[in-house]
Amino acid sequence: MQASNIARAWFGATALVVIAGLAAQIPVSAGTTGGTFQTPAGRVANLLAFFTIDSNILVGVGSLLLALGVAGRSTLSGVLRLTGLIGITVTGVVFQVALADLYELHGWAVFADTMLHKVSPLMCVAGWLLFGPRGQLSWRALWWSLLYPLGWLAVTLVRGAMIGFYPYPFVDPGINGYGGVAFNCVLIGVLFTGLAAAAVGFDRTFTRRDERDELLDDELAPDPAESVERIRDAGAH
């Protein structure tokens with residue numbers, strides 16, 4: 001019971017980190033001028049174009065459901081958990097490798113950046129490693145989870161060709177050419193798929209181990225009826 005309470009508290013804290021990061025990022029984006037979008041509403045709506053924001057939303061929703069104890073163990077829950085986990089991991093890795101030094105941030109932008117690019121990925125990955133829940137991921141969930149990066153990429157490229165906005169330099173054909181964009185996307189796709197496969201393999205391995213431990217405990221546990229009979233026999237002597 002105590003471990004369950006700690007897990008739910010961790011998931012709740014993860015959801016709060018996401019909420020705090022988004023709450024800080026919205027006014028920062030609304031007040032940033034000089035870009036493609038001329039109105040505060042347009043700049044806020046454009047946040048959904050960023051893989052970072054979408055991944056954090058997935059993590060926030062999944063973590064909140066786990067904190068409330070209503071996540072369930074359906075295939076949909078597994079897909080949500082895996083997609084958020086790998087999406088936020090890729091977010092953290094790509095940010096540190098390719099994006100961290102591109103912008104000079106100040107004030108609340110620094111806070112939002114820290115919450116969404118650093119704290120959220122660390123808490124999500126650590127929470128999954130420590131608390132699971134185990135037995136929720138599957139190879140079927142892996143294939144469904146790939147719809148997220150593929151869908152994001154398709155929308156980003158089509159929308160970018162229409163309005164001239166790309167959320168990240170590595171998906172901008174004007175900077176890298178379509179060949180360079182394709183190469184970058186293949187690298188990130190391999191990273192996403194590899195991490196998802198590793199997560200599913202890890203989950204299945206530890207699930208089987210836990211099941212073996214539970215079975216062994218059941219086999220070694222004394223039969224209550226047999227214990228009562230022994231007590232009676234001892235009393236008879």
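- At a threshold of 4.5 Å between side-chain heavy atoms, the hydrophobic network of Ile, Leu, Val, Met, Phe, Trp and Tyr places W143 and L191 in one connected group.
- Using a 4.5 Å heavy-atom cutoff, the side chains of S55 and F50 are not in contact.
- Of the possible polar contacts, one joining the N184 side chain to the G180 backbone as a donor-acceptor pair under 3.5 Å is found.
- Put simply, the side chain of V200 reaches to within 4.5 Å of the side chain of W139, judged on heavy atoms.
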Going through the distances and angles, do F192 and W152 end up as a ring-ring contact (aromatic ring centres under 6.0 Å, His included)?
-> CA-CA 13 Å; F192 192 103; W152 178 85; over 10 Å; no
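- In this structure, A49 and R159 approach most closely via the heavy-atom pair CB-NH1, 3.5 Å.
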Evaluate side-chain contact (heavy atoms from CB on, under 4.5 Å) for C124 paired with R81, printing each intermediate quantity in order.
-> CA-CA 10 Å; C124 180; R81 183 67 169 145; 4.3 Å; yes
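- Considering all non-hydrogen atoms of both residues, T156 and P167 come closest at CG2-CD, 3.6 Å.
- Residues P121 and F95 are not in side-chain contact: their nearest non-hydrogen atoms beyond the backbone lie 4.5 Å or more apart.
- Between atom CG of residue L147 and atom OG1 of residue T83 there is a gap of 8.0 Å, rounded to the nearest 0.5 Å.
- For F165, the CZ atom sits in a packed shell: over 12 heavy atoms of surrounding residues, nucleotides or ligands are nearer than 6.0 Å.
- For the atom pair CD1 of I6 and CZ of F11, the computed distance is 12.0 Å after rounding to the nearest 0.5 Å.
- A heavy-atom distance below 4.5 Å is found between the side chains of Y168 and T52.
- L195 contributes atom CG, which lies 13.5 Å from atom CZ of F202 (distance to the nearest 0.5 angstrom).
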Might you work through the side-chain contact (heavy atoms from CB on, under 4.5 Å) test for L157 and V181, ending with a clear yes or no?
-> CA-CA 10 Å; L157 294 180; V181 169; 4.1 Å; yes
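- In this structure, CD1 on I88 lies 3.5 Å from CG on N56, to the nearest 0.5 angstrom.
- Between V171 and C185, the shortest heavy-atom contact is CG1-SG, 4.1 Å.
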Tell me, with the steps shown, if L64 and I19 meet side-chain contact (heavy atoms from CB on, under 4.5 Å).
-> CA-CA 10 Å; L64 184 60; I19 292 170; 5.8 Å; no
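- No side-chain donor-acceptor contact under 3.5 Å links R134 to the backbone of D203.
- For the atom pair CG of L85 and CD of Q136, the computed distance is 10.5 Å after rounding to the nearest 0.5 Å.
- Nearest heavy atoms, S120 versus V59: OG-CG1, 4.2 Å.
- Taken to the nearest 0.5 Å, the OG1 atom of T75 stands 10.0 Å off from the CH2 atom of W144.
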Begin with the C-alpha distance, continue with both residues' side-chain angles, and end with the deciding distance and a verdict on side-chain contact (heavy atoms from CB on, under 4.5 Å) for K118 and Q96.
-> CA-CA 9 Å; K118 300 174 183 178; Q96 294 300 327; 3.9 Å; yes
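- Proximity of V18 to S63: side-chain heavy atoms (C-beta onward) are nowhere separated by under 4.5 Å.
- Considering every non-hydrogen atom in both G12 and A67, the closest pair reads N-CB, 3.5 Å.
- A perpendicular orientation is assigned to the rings of W108 and F111, their planes being inclined by more than 60° (bins at 30° and 60°).
- Between the side chain of W10 and the backbone N or O of M123, at least one donor-acceptor pair lies under 3.5 Å.
- The hydrophobic cluster containing L47 also contains V90, counting ILVMFWY residues as joined when their side-chain heavy atoms lie under 4.5 angstrom apart, directly or transitively.
- Side-chain contact between R8 and L66: absent, with no pair of heavy atoms (C-beta onward) separated by less than 4.5 Å.
- Between A15 and G60, the shortest heavy-atom contact is CB-O, 3.9 Å.
- Linking ILVMFWY side-chain heavy atoms closer than 4.5 Å, directly or via other members, places I86 and L187 in two distinct hydrophobic clusters.
- Residues V94 and F170 form a side-chain contact, since some pair of their non-hydrogen atoms from C-beta on lies under 4.5 Å apart.
- Counting heavy atoms from C-beta on, the side chains of N176 and F183 never come closer than 4.5 Å.
- L150 and V186 fall into different hydrophobic clusters, where Ile, Leu, Val, Met, Phe, Trp and Tyr are joined by side-chain heavy atoms under 4.5 Å apart, directly or via other members.
- At a cut-off of 3.5 Å, with distance as the only test, no side-chain donor of S29 or T32 sits close to an acceptor on the other residue.
- F51 and I57 fall within the same hydrophobic cluster, defined by Ile, Leu, Val, Met, Phe, Trp and Tyr side-chain heavy atoms under 4.5 Å apart, directly or through other members.
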